[in-house]
Amino acid sequence: MSIAITEQPNYAAYSVEELEDVLENIDKQAFPERYQAAKNELAAKRATLPPENDTDSAHQDEHFTRPKWSELHPITRISNGAFLVLIGALIVSAFTNFIVINAWLNNSTWAIVLFTFVYCAFYYLSISIDKRQAQFVMKDWRGKVTTFTMPFLGLIFTWNFIDRALPYTLHLASGKQETELKFAYEKGSGSKHCRHSLLLKESGTLSDGRLCLNQSEHKRLPNKGWVYVKGSESGFGFDIEGYRFR
């Protein structure tokens, strides 16, 4: 003789995960009352939980908003300040036609390596010491990629700063004289900020340079030739102010 088991489970003692498991596996046709009781209990337990979206949003607002400058660690301020200087140097280099002297370029390698090391050291110190800065940097995949590529990016930024922007800044602050120099040139490929360029060949103490022309002037010139360039010259280089062809 078999005995039917009709005792109702105590679903109030079940957790949300256990109730979800019950609803996934119970035979609704054989036990409709148990199914409905488990469903009602799960709905009641879920109603007592805090909204997930609000919790996630609060968590993100707390950890992922950009920290104010006054809230940053001094190491982070130095790192971020250096980054702004390096970005500014890129802009300066893109919009100037300055030719650096060879003596500067031949002796700048040690400075580039040293400055890259110092900048990267401050960057990694900032995300290891400053918790809020680290959380902001690591909030998405771009920040995570940057932490691995920073030595390479730092080298590029530093190279431009040391070999381009710094000598140009020193040139502006030093004594200069107006002069005209003759350069051999050949047509070069265009870039975003100089679509029609001439590559100026190394001349005397000056390194290679670049001259930006308009499209019609660039088109009528031969692929190679000579150009007379006017500008100001100092002990750091030559700043192009005008040119003429013969």
Side-chain angles (χ1 to χ4, degrees), residues 56-176 189 191-194 199 202 205-210 234-239:
D56 292 342
S57 177
H59 181 77
Q60 291 177 358
D61 291 341
E62 178 184 357
H63 295 289
F64 294 158
T65 54
R66 181 185 293 275
K68 297 180 180 179
W69 183 263
S70 59
E71 298 172 341
L72 296 175
H73 191 280
I75 294 294
T76 305
R77 295 183 193 179
I78 294 174
S79 175
N80 291 353
F83 176 76
L84 294 176
V85 170
L86 294 177
I87 292 297
L90 283 176
I91 297 174
V92 169
S93 299
F95 292 98
T96 57
N97 291 324
F98 182 71
I99 304 175
V100 185
I101 60 173
N102 281 319
W104 181 283
L105 300 180
N106 293 337
N107 295 281
S108 64
T109 302
W110 67 270
I112 294 173
V113 173
L114 177 61
F115 198 97
T116 300
F117 175 80
V118 172
Y119 172 70
C120 290
F122 274 102
Y123 173 80
Y124 288 117
L125 274 175
S126 72
I127 60 178
S128 63
I129 295 176
D130 194 331
K131 183 179 179 181
R132 294 198 62 184
Q133 175 71 1
Q135 290 170 336
F136 178 75
V137 169
M138 302 296 286
K139 72 180 186 299
D140 55 28
W141 65 269
R142 289 172 296 183
K144 294 175 182 177
V145 169
T146 301
T147 60
F148 291 102
T149 59
M150 183 50 67
F152 176 71
L153 294 175
L155 181 62
I156 294 177
F157 290 156
T158 301
W159 168 80
N160 175 78
F161 174 76
I162 297 295
D163 275 0
R164 302 298 175 190
L166 182 57
Y168 176 69
T169 303
L170 295 173
H171 168 83
L172 295 177
S174 64
K176 301 176 287 293
S189 58
S191 64
K192 184 176 181 180
H193 301 291
C194 187
L199 300 180
E202 180 179 329
T205 60
L206 297 174
S207 63
D208 294 341
R210 181 189 66 172
S234 70
F236 300 97
F238 181 76
D239 188 19

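Residues take their numbers from the sequence shown, with the count starting at 1.
- The closest donor-acceptor contact from the side chain of S93 to the backbone of L90 lies at 3.5 Å or more, if one exists at all.
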Can you list the steps and then say if L166 with L170 is a side-chain contact (heavy atoms from CB on, under 4.5 Å)? CA-CA 6 Å; L166 182 57; L170 295 173; 4.3 Å; yes
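- Rounding to the nearest 0.5 angstrom, the gap separating the CD1 atom in I101 from the OG atom in S234 is 7.5 Å.
- Taking OH from Y119 and OH from Y124, the interatomic distance works out to 10.0 Å, rounded to the nearest 0.5 Å.
- Under a 3.5 Å cut-off, the side chain of S174 and the backbone N or O of H171 do form a donor-acceptor pair.
- When all heavy atoms of A103 and N107 are compared, the pair lying nearest together is O-ND2, 2.7 Å.
- With a 4.5 Å cut-off on side-chain heavy atoms, N102 and L206 do not count as touching.
- Evaluation of the ring-ring contact (aromatic ring centres under 6.0 Å, His included) rule for F161 yields F115 as partners, not counting sequence neighbours.
- Taken to the nearest 0.5 Å, the CD1 atom of I129 stands 13.0 Å off from the CG atom of L72.
- Between N80 and L84 the shortest side-chain heavy-atom distance does not fall below 4.5 Å.
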Given side-chain contact (heavy atoms from CB on, under 4.5 Å), test F83 with F157 step by step and report yes or no. CA-CA 9 Å; F83 176 76; F157 290 156; 3.9 Å; yes
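- Remark: the backbone N or O of I75 is not paired with any side-chain donor or acceptor of S79 at under 3.5 angstrom.
- Atoms OG1 and CD1, on T158 and I156 in that order, are 10.0 Å from each other to the nearest 0.5 Å.
- The backbone N or O of H73 lies less than 3.5 Å from a partner atom in the side chain of D130, making a donor-acceptor pair.
- Separation of atoms OG1 (T116) and CH2 (W159) is listed at 12.0 Å; rounding is to 0.5 Å.
- Here the closest non-hydrogen pair linking I99 and G209 is CG1-CA, 3.9 Å.
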Kindly determine whether R132 and T76 satisfy side-chain contact (heavy atoms from CB on, under 4.5 Å), including the steps that lead there. CA-CA 10 Å; R132 294 198 62 184; T76 305; over 6 Å; no
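- The minimum heavy-atom distance linking M138 with G143 is given by the pair SD-O, 4.4 Å.
- Taking both residues in full, the closest heavy atoms of A165 and A89 are given as CB-CB, 3.5 Å, listed atom of the first, atom of the second, then distance.
- With sequence neighbours excluded, the residues forming a side chain to side chain contact (heavy atoms under 4.5 Å, CB included) with V100 are F98, W104, L105, R164, P167, S207, listed by chain and number.
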Between V137 and T147, is the side-chain contact (heavy atoms from CB on, under 4.5 Å) condition met? List the steps. CA-CA 9 Å; V137 169; T147 60; 4.2 Å; yes
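- To the nearest 0.5 Å, the span separating CG on L155 from CG on N160 amounts to 11.5 Å.
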